[in-house]
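Being a predicted model, the structure only gives us computed values, none of them experimental. Along the sequence shown, residues carry numbers from 1. Atom set for the values below is all heavy atoms of this structure, side chains included, hydrogens, waters and symmetry mates excluded.
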Amino acid sequence: MLKAIKIMACVPEIRNCLSMSHGSLPTVENTATESGMASKILPPLGKHQAHPEPSQLCFNCQNIIDQWPDDSDPQRTRRRFSHYGSESALIASADHGCSLCTQFVLGYNCKTWSNWHWDEGEEPGLGEGRVELDSGRTLRSKHYRDCYWWIHLFIPARPYNVRSGSHTPRTEEEYLQYEVGAAPVAASDTAQFQYNSLNTEDAFSLVKQWLESCRKSHPLCSGATNTEKFPTRLIDIASNEPRLCLGVGLKGSIEYSTLSHCWGSPDPSNVTLGKNNKVQDDEGDWKAESARMTNVYGEAVLNIAAVGAVDGSVGCFFERSKTWRCQAKISVEHQEKTLEFFPFHFQKLLTETPLASRGWALQERILPRRTVFFGQTQVFWECNELQACEIFPNRYPPEIRPEKLWPITTKGCKNIVTSYSRCSITFSRDKLVALSGLARLMQEESGIEYVAGLWRKNLESQLRWQRTHSPGRRERPAVYRAPSWSWASIDGSLMIPKRSDLSERASHHIFNVTVRRVLIQPLSPDNPFGEILSATLNLRCDYLCRANLHEIEDSDRGYTLIDLERKTFRISVLFDCAEVFENRRLRVHLLPIYTYKASFLCNGLILQPTGNSMGQYRRIGIFDGLQERVSGEDRLSEADFFPPHDNDYSEIYVDEQGRTQRAIDII
């Protein structure tokens, strides 16, 4: 059984999409844009598409369109309208066919409070929704300021008790906030794109044109591909009946596409073909294929991502209602214009999907030179030079462009790791393996050694990664997969320090540690980017402080009392996982990573001895500065950290300058 995404259903379309030597060229028009000349793609109507007709709107939304402000209106920067007074009424209107209400539902942002948005007496009445229409004059791009609009819908949720600056309780109304953008549609686009497509399969003609345009006119996407080095296994779709074949037996120049999809529950009675064409029940084959991700996805002509499918049984294509998009005509200075309305947080249509939540899918999005994403409501395109979708086929407006995770550099690794930490993986031990393809490519391009999810260059400044403040207790994974000094040792969302270059901090900080050596034992000697068995970080350190941490009542703020050489301080701490305080006390060692030049305030790691050998520790969290003296002297000095305890260190040695140095090991 082939574990693919209903491959039989889309074989003809995929074959047509990849057949570059057949079919007519795309319809292309050159149009001037802010960045120069660009190709305007004009696809024909699909087989599920109806004749063009205006979007259906409810009374409240039609009222917004009818009273749309004129460009010459001095009050153009803000207009207010009444709207539905409950979330259920808004959803009901969307279900009954209002396409603008549908965009509001998709554009839900957050909860907010009345005093944040309105002066006293201007709040909406009880049970009344409020729409605010703002012009695009606040946009960063001057070219678009007079063309774009943001529509904010506030729906009352419930009264909420808040405290003012005088700490006097008062009641404020809590609101649900929805945000929608409005962008002009060019006349040539309107004729082609103002339609009611009822299935995402209609986008295949557009996908083919994106692909052909990319291959012909995108220099950043036109790197040479190795057409004679193939994946271990491929599915041949040259005929109507797909067949599984081995890459080693193929001859000549052959192009292939890759699939990116959620596995779902495998059938234990069959050998399945899954991620990266791996035979899932063969451990040796899995290790070999996971190490080849860089080449397999990087050499593909196109990556097909089923972002809307929860597993391989769902498929790429989805039926959609007529409200999946919204266009409306407004009258401005006696001229008719067409606007496209869309959820303001447009990137959520890609980032909050079943596939985006899976850890393996992240590098499958970044490694290919071009990817087409089949979502539940529309199809998206992403390559090195263009991000587009069905409603913006030529390019996203600059203010709603989804986050782009490339170029693949060590500096860009921060964004990649942050996004990856929000994903989940089926098997805990795959935490580093699922990024091994990207890690290999980054090391090849940068020449910087990769060490357990971090980089050897300027490693000192990368050690202070931290988990984000999220509710619930976090338990440390039971299966070893990374050293405690690596972010890969824990689960959950986290942050990497913004500045990873030592020189950027030199003017304000003094680093108190130096990496002497890093020892990594990979599971496979041929793959240092995958699963590891052990890792040790040896650090020269200026200070290492014995301390007792005490839980206090306002610990939810991250503050903890600390006993340090018979002096008590108040510091901010953040544990990597749930730590057990015995009698509300925890014995630790504090390792300052850097101190501020202006004072001796410091930030660093919280360590605990392993008990295995002298001077060996595990990281359990971070601390930020000695915030406040509770007792003792007013100034914290080096004497508070010394004299050192020699048995706290793994090594004591004399450097080339004749100075005594001390080092510890963190595993």
Side-chain angles (χ1 to χ4, degrees), residues 55-69 77-118 122-139 148-160 172-184 320-328 330 339-353 375-378 389 391-392 396-397 399-403:
S55 299
Q56 179 180 336
L57 302 179
C58 67
F59 174 82
N60 287 323
C61 291
Q62 186 63 52
N63 183 53
I64 299 174
I65 301 302
D66 292 342
Q67 299 188 52
W68 199 271
T77 57
R78 171 156 294 188
R79 280 292 184 91
R80 291 173 176 170
F81 305 90
S82 296
H83 212 273
Y84 293 110
S86 69
E87 181 181 25
S88 59
L90 177 68
I91 295 175
S93 177
D95 291 340
H96 279 82
C98 178
S99 56
L100 185 50
C101 283
T102 300
Q103 304 308 309
F104 278 126
V105 172
L106 294 173
Y108 173 74
N109 183 23
C110 62
K111 292 182 179 180
T112 187
W113 292 271
S114 60
N115 63 321
W116 287 13
H117 299 277
W118 301 291
E122 292 187 349
E123 302 94 334
L126 184 64
E128 176 193 357
R130 172 71 62 82
V131 168
E132 291 198 351
L133 181 62
D134 291 332
S135 77
R137 293 180 182 177
T138 59
L139 299 182
Y148 290 80
W149 294 81
W150 307 124
I151 308 174
H152 310 272
L153 170 60
F154 300 91
I155 293 179
R158 61 184 176 88
Y160 189 83
E172 294 286 354
E173 191 76 21
E174 184 181 70
Y175 289 88
L176 304 178
Q177 182 176 356
Y178 306 81
E179 295 181 323
V180 167
R320 53 191 178 189
S321 69
K322 294 182 179 180
T323 63
W324 73 274
R325 70 181 304 175
C326 177
Q327 286 188 346
I330 62 172
L339 295 181
E340 181 82 48
F341 296 85
F342 53 89
F344 178 71
H345 297 280
F346 201 68
Q347 67 273 16
K348 290 183 179 180
L349 298 178
L350 275 182
T351 60
E352 296 185 2
T353 61
Q376 293 186 5
T377 58
Q378 63 175 304
C389 63
I391 66 172
F392 296 115
Y396 290 130
E399 298 299 323
I400 65 163
R401 193 167 298 162
E403 179 184 10

Q | With Asp95 via side chain to side chain contact (heavy atoms under 4.5 Å, CB included) - residues at least two apart | A | Ile91
Q: Apply side chain to side chain contact (heavy atoms under 4.5 Å, CB included) to Gln378 and list each qualifying residue two or more places apart in sequence or on a separate chain.
A: Arg320, Trp324, Phe346, Leu349, Phe380, Cys389, Glu390, Ile391
Q. Can you find a pair of side-chain heavy atoms, one from Val180 and one from Leu100, that are under 4.5 Å apart?
A. yes
Q: Please round to the nearest 0.5 Å and tell me the distance separating atom CZ of Phe81 and atom CG of Asn63.
A: 6.5 Å
Q. What's the spacing between Gln327 CD and Leu339 CG if we round to 0.5 Å?
A. 9.0 Å
Q: For side chain to side chain contact (heavy atoms under 4.5 Å, CB included), just list the numbers for Leu153 and Leu90, CA-CA rounded to whole Å, side-chain angles, deciding distance to a tenth of an Å, and then say yes or no.
A: CA-CA 10 Å; Leu153 170 60; Leu90 177 68; 4.0 Å; yes
(Q) Show the nearest heavy-atom pair for residues Pro69 and Leu133, with the distance to one decimal. (A) CD-CD2, 3.5 Å
Q: Report the residues that fulfil side chain to side chain contact (heavy atoms under 4.5 Å, CB included) with Ile65, sequence neighbours left out, ordered by chain and then residue number.
A: Leu57, Gln62, Trp68, Ala328, Ile330, Phe341
**Q.** Pairing residues for Glu352 by the side-chain hydrogen bond (donor to acceptor under 3.5 Å, both in side chains) criterion, not counting sequence neighbours
**A.** none
Q. His96 and Gln56: which non-hydrogen atoms are nearest, and at how many Å?
A. O-NE2, 3.7 Å
**Q.** Separation of His152 NE2 from Glu179 CD (nearest 0.5 Å)
**A.** 5.5 Å
Q. To the nearest 0.5 Å, how far apart are OH in Tyr178 and CD in Glu87?
A. 4.0 Å
Q | Minimum heavy-atom distance Glu340-Phe392, with the two atoms named | A | CG-CZ, 4.4 Å
Q) Sequence neighbours excluded, which residues qualify as side chain to side chain contact (heavy atoms under 4.5 Å, CB included) partners of Ser93? A) Cys58, Tyr84, Cys98, Cys101
Q. What pair of heavy atoms forms the shortest contact from Ser82 to Asn60, and how long is it?
A. O-OD1, 4.0 Å
Q. Looking at side-chain heavy atoms only, is the closest gap between Phe104 and His83 below 4.5 Å?
A. yes
Q. Taking only residues two or more places apart in sequence or in another chain, which ones pass side-chain hydrogen bond (donor to acceptor under 3.5 Å, both in side chains) with Thr102?
A. Thr323
